[in-house]
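Each ligand, and each atom within it, is numbered from 1 in the order the structure gives.
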Amino acid sequence: MAIPYNKLRVQVDLNAIRHNYRQLSTGSGNTFAVVKADAYGHGLIPVARALAEEGADTFAVGTVGEAVHLRESGCTGRILSLLGPVDSDDYAALAPQRIIPFVGNWEQLVRLKETAAQNATPESPLEISLKFDTGMARLGFHLEDVPRLLSVLTDAPGLKPVMASSHLATADEPDNWAFAREQGDIFQAVLDALRHGGLDVEGNLANTAGILAHGTLHHQGRRAGIGLYGCNPFAGTEHESLGAELRPAMEVTAPVVEVHPLAKGRSVSYGCTWKAPRDCVVAIVATGYADAYSRGLSNRGSMCLNGTRVPIAGRVCMQLTAVDVTDLAESGHGVQVGDQVHLLGGRGPGKITPEELADWWGTITYEVFCLLGLNPKEYR
Ligand SMILES: *Cc1c(COP(=O)(O)O)cnc(C)c1O
C-alpha cells in the first residue's frame, strides 16, 4: 500500500530496529514485536523478518487480515491479532493460519466457541488471548466478568486461552503514573482470578513505556511498538535516560527541483503567507501533502539540507514545498537541483528527529511514521 509515482522516499534502517529490539528485550519476560499498521509505516514483512532473526517469536498486528498476510509471508512465530475477529472472513482464517486473536466481548467469544467446535480439536486447539479493560475503556472484559468467562470456557473444548492482556493508557506520562499502577493492580487481580480458576495464561500488559519505566508491570510478555522504531516515549522529560539508547530507523527524503532568488518583500506559494524578509534564495522540493507530508507544516516545519536546517517558506502544496535556503546559499554551500533534502533524519546538527517533526505537525511520532510510511520504501 504505497503512494505511487511520487519522489519522496522512505529509508528504513533494519539494523536500528534490531538494535532497538535488543534494548527492549533486557529484563524478565518475552518481548513481543508490535508490527501493526505496516510496522508503524516501516514495512510489515521486512521488519518482521529482521526481528525474527533477532530472536522475536511473537508478533502483534491489528486486524486478522494483517495477520494472514504476515503468516503467508512465511512467518513461523506466534501471530496475535490485537483487534480480534470482526467479520466472518476473519473468523474463518484463525484456525487454518494459527492466529491468536485478542477476544474482548461475549459475542466474539461465542462465535469463537462455534469456530473452534468446527475447526479445532483439543489436541490442536484454537488459541486465544483474553483481553481485559483495566482503565483504557476501549475494548475488553472486566475483572467482574472472570467467573462467567471461566464457566463459558469450561465447555469450549477446542478453544484454549493462552494469554491474558490489557493495555496501559498513561505509561508514557510520568505525571499520570499512578493511573498506570492502578491498572497494574487490576490486571494482577485479573491474572490471579484466572489462574485460581485453573487457566494457565501468559500475562502481558506493558507497551514500550511500560517496558522502559515499569518493571513491576512486565509479567510474562511485553508488547513493544514505538520503541522498536526508535522513539523514546520519555524524550524531553526528566526520565529521558530510560530510552536514550533507542535509535530512529526511518529517514525521509525528497529532491530539490528548482532553486531561485526571491527579492525582499516577494512571497512564495498559495495565499502569499510567507514574504521574503530580505533578498532570499528559495529551493522548491518535490513533496507535499499528497505524499502525506502534512499541510499543517506550512510556515512551521523545517527540512535538513546538507546538514543544515532550512525552514519551510509558505504553504505546503499538494506535491511541492518551498524552503528558505538563503543562509546556505550565502555561506557558499550552493544548493543544487537534484540535492536530496531530509524531511526526517539527516546528518549533522540539522538532523530532524521524529519528535520534532511530530511537534511541528501537531501530532505524535506514531502518526508521523504511519503516514509518511505510506510512501515507497528502501531498506538498508
Ligand atoms: C500498539 C499497541 C502496543 C504498542 O504500544 P507502543 O506504545 O507503541 O509500544 C501495545 N499493545 C497494544 C494493545 C497496542 O495496540
Side-chain angles (χ1 to χ4, degrees), residues 17 20-21 23-25 27 29-42 44 47-48 51 56 58-64 66-67 70 78-84 86 99-105 108 128-141 163-174 176-177 179-180 183-184 187 190 202-214 217-235 237 239 242-243 245-246 248-250 354-355 358 363-371 373:
I17 295 176
N20 295 331
Y21 183 77
Q23 291 293 318
L24 294 163
S25 298
N30 183 4
T31 298
F32 304 169
V34 180
V35 289
K36 67 182 184 230
D38 205 27
Y40 293 40
H42 293 67
L44 173 61
V47 168
L51 290 173
T58 305
F59 300 86
V61 295
T63 63
V64 173
E66 281 180 285
L70 180 57
R78 294 192 299 183
I79 303 180
L80 314 177
S81 161
L82 298 172
L83 182 61
V86 174
I99 293 160
I100 305 176
F102 275 35
V103 185
N105 63 59
Q108 278 182 324
I128 60 172
S129 176
L130 297 171
K131 163 115 185 177
F132 288 86
D133 171 23
T134 58
M136 188 74 150
R138 291 191 308 192
L139 304 172
F141 296 108
M163 290 183 191
S165 314
S166 187
H167 196 37
L168 297 168
T170 64
D172 57 349
E173 295 177 14
N176 242 331
W177 276 354
F179 190 79
Q183 285 195 264
F187 188 63
V190 166
E202 217 179 307
N204 54 87
L205 174 63
N207 57 357
T208 296
I211 293 170
L212 293 173
H214 307 279
L217 306 184
H218 281 184
H219 298 283
Q220 292 73 45
R222 308 103 57 95
R223 303 184 305 269
I226 197 71
L228 290 178
Y229 311 104
C231 287
N232 178 359
F234 301 109
T237 75
H239 303 281
L242 290 170
E245 300 300 322
L246 299 171
M250 184 187 284
E355 288 80 11
T363 185
I364 53 174
T365 55
Y366 299 66
E367 189 178 4
V368 167
F369 288 152
C370 286
L371 292 179

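- The distance criterion of under 3.5 Å between nitrogen or oxygen atoms is not met by R138 with respect to ligand 1.
- At a 4.0 Å heavy-atom cut-off, ligand 1 touches Y40 through the side chain alone.
- In terms of heavy-atom proximity, C231 sits nearest to P354 at SG-CB, 3.8 Å.
- Nearest protein heavy-atom neighbour of atom 9 (O) of ligand 1: T208 OG1, 2.6 Å.
- In this structure, the separation between NE2 on H214 and CZ on R222 is 13.0 Å, given to the nearest 0.5 Å.
- The protein heavy atom nearest to atom 5 (O) of ligand 1 is N207 CB, 3.5 Å.
- The closest approach between any non-hydrogen atom of Y366 and ligand 1 is below 4.0 Å.
- Distances between N or O atoms of A209 and those of ligand 1 include no value under 3.5 Å.
- For ligand 1, the atoms sitting less than 4.0 Å from at least one non-hydrogen atom of G225 are 4 (C), 6 (P), 8 (O), 9 (O), numbered in the order shown with element in parentheses.
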Just do the side-chain contact (heavy atoms from CB on, under 4.5 Å) check on I17 and Y229 with the steps written out, would you? CA-CA 6 Å; I17 295 176; Y229 311 104; 4.1 Å; yes

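- Checking only distances, V34 never comes within under 3.5 Å of ligand 1, N or O to N or O.
- In terms of heavy atoms, G221 sits closest to F32 at CA-CZ, 3.8 Å.
- Residue contacts with ligand 1: K36 is placed with a nitrogen or oxygen under 3.5 Å of a nitrogen or oxygen of the ligand (distance criterion only).
- The nearest heavy-atom contact from the protein to atom 12 (C) of ligand 1 is H167 CE1, 3.4 Å.
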With side-chain contact (heavy atoms from CB on, under 4.5 Å) as the test, would you mind laying out the steps for Q220 and N30 before giving the verdict? CA-CA 6 Å; Q220 292 73 45; N30 183 4; over 6 Å; no

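- At a heavy-atom cutoff of 4.0 Å, ligand 1 is contacted by the side chain of L82 but not by its backbone.
- In this structure, R223 contributes its side chain and N204 its backbone to a donor-acceptor pair below 3.5 Å.
- Under the side chain to side chain contact (heavy atoms under 4.5 Å, CB included) rule, P233 has a single partner from L242, L212, I211, which is L212.
- Using the six-membered ring where Trp is involved, W177 and H239 have ring planes that are tilted, between 30° and 60° apart.
- Closest protein heavy atom to atom 11 (N) of ligand 1: R223 NE, 2.8 Å.
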